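Note: hydrogens, waters and symmetry copies are ignored here, and every other heavy atom, side chains too, is used. Remember, it's a predicted structure, so these values are computed and weren't measured experimentally. All residue numbers refer to positions in the sequence shown, counting from 1.
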Amino acid sequence: MSIFVGNLSYEISQEDLNDVFAEYGKVQRVHIPVDKETGRKRGFAFVEMESKAQETAAIEALDGADWMGRSIKVNQARDREERAPFNGGGGDRKKRY
């Protein structure tokens with residue numbers, strides 16, 4: 001399982017997140033997604049901890065906390081949803097010409 005951390009400053013680093021979440025247990029992994037085109041951080045991250053109990057403690061303590069001038073959103077990450085291809089999608093569409 002992993003924790004979703006949203007509304008982060010674009011200046012955030014893996015070390016920053018590791019330091020904050022380490023107060024609630026052992027951090028196994030921190031992932032900060034970046035935009036493919038610009039390389040800019042996207043304002044959210046995923047944190048994996050050693051146990052479900054540690055994740056729950058971190059979520060309860062940090063959700064809504066003010067950090068780096070922002071009210072962060074911290075909750076259990078959801079599984080990634082299947083997405084349609086980004087090519088205009090839908091094979092059922094009728095052509096207009």
Side-chain angles (χ1 to χ4, degrees):
M1 298 302 289
S2 101
I3 300 170
F4 170 82
V5 187
N7 199 33
L8 292 172
S9 165
Y10 295 112
E11 306 303 317
I12 200 78
S13 71
Q14 287 186 337
E15 186 175 306
D16 294 331
L17 284 165
N18 194 41
D19 290 347
V20 169
F21 280 84
E23 294 181 31
Y24 304 96
K26 184 176 180 185
V27 176
Q28 292 186 318
R29 181 174 181 254
V30 173
H31 175 65
I32 303 173
V34 295
D35 183 272
K36 291 178 183 178
E37 292 182 21
T38 65
R40 181 178 174 185
K41 294 173 185 164
R42 297 181 62 197
F44 64 91
F46 297 95
V47 177
E48 294 178 12
M49 300 187 75
E50 191 172 57
S51 73
K52 178 77 172 155
Q54 292 172 358
E55 289 180 355
T56 300
I59 290 168
E60 290 174 359
L62 297 173
D63 187 36
D66 184 48
W67 189 40
M68 297 180 81
R70 294 174 173 252
S71 176
I72 60 172
K73 181 68 180 160
V74 183
N75 56 34
Q76 195 69 45
R78 290 181 274 167
D79 290 335
R80 191 172 198 172
E81 295 177 5
E82 288 292 321
R83 293 192 254 171
F86 191 71
N87 62 359
D92 293 348
R93 292 185 185 202
K94 294 181 181 178
K95 294 182 181 179
R96 293 187 173 187
Y97 50 90

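Between the side chain of D16 and the main chain of S13, a donor-acceptor pair closer than 3.5 Å is present.
Using a 4.5 Å heavy-atom threshold, the side chains of K52 and Q76 count as touching. A 4.5 Å side-chain heavy-atom check between F21 and V30 finds every atom pair outside the cut-off.
Here the shortest heavy-atom pairing between L8 and W67 reads CD2-CZ3, 3.8 Å. The shortest heavy-atom contact between E48 and S2 is CG-CB, 3.4 Å. Across N7 and S71, no two heavy atoms sit closer than the pair ND2-O, 2.8 Å. In this structure, I3 and A58 approach most closely via the heavy-atom pair CD1-CB, 4.3 Å. The nearest pair of heavy atoms linking V5 to V47 is CG2-CG2, 4.1 Å. Taking both residues in full, the closest heavy atoms of M49 and Q28 are given as O-OE1, 3.4 Å, listed atom of the first, atom of the second, then distance.
Both the sub-6.0 Å distance and the 45° axial angle are not jointly satisfied by R78 relative to the ring of F4. By the 6.0 Å and 45° rule, R70 stacks over the aromatic ring of Y10.
Annotation: the span from I72 atom CD1 to D63 atom CG amounts to 8.0 Å, rounded to 0.5 Å. Within the model, atoms CG of L17 and CD1 of I32 stand 5.0 Å from one another, a figure rounded to the nearest 0.5 Å.
The hydrophobic clustering, which links ILVMFWY residues whose side-chain heavy atoms are closer than 4.5 Å, places I59 and I12 together. In the hydrophobic clustering of this structure, F46 does not group with V34; members are Ile, Leu, Val, Met, Phe, Trp, Tyr whose side-chain heavy atoms approach within less than 4.5 Å, directly or through other members.
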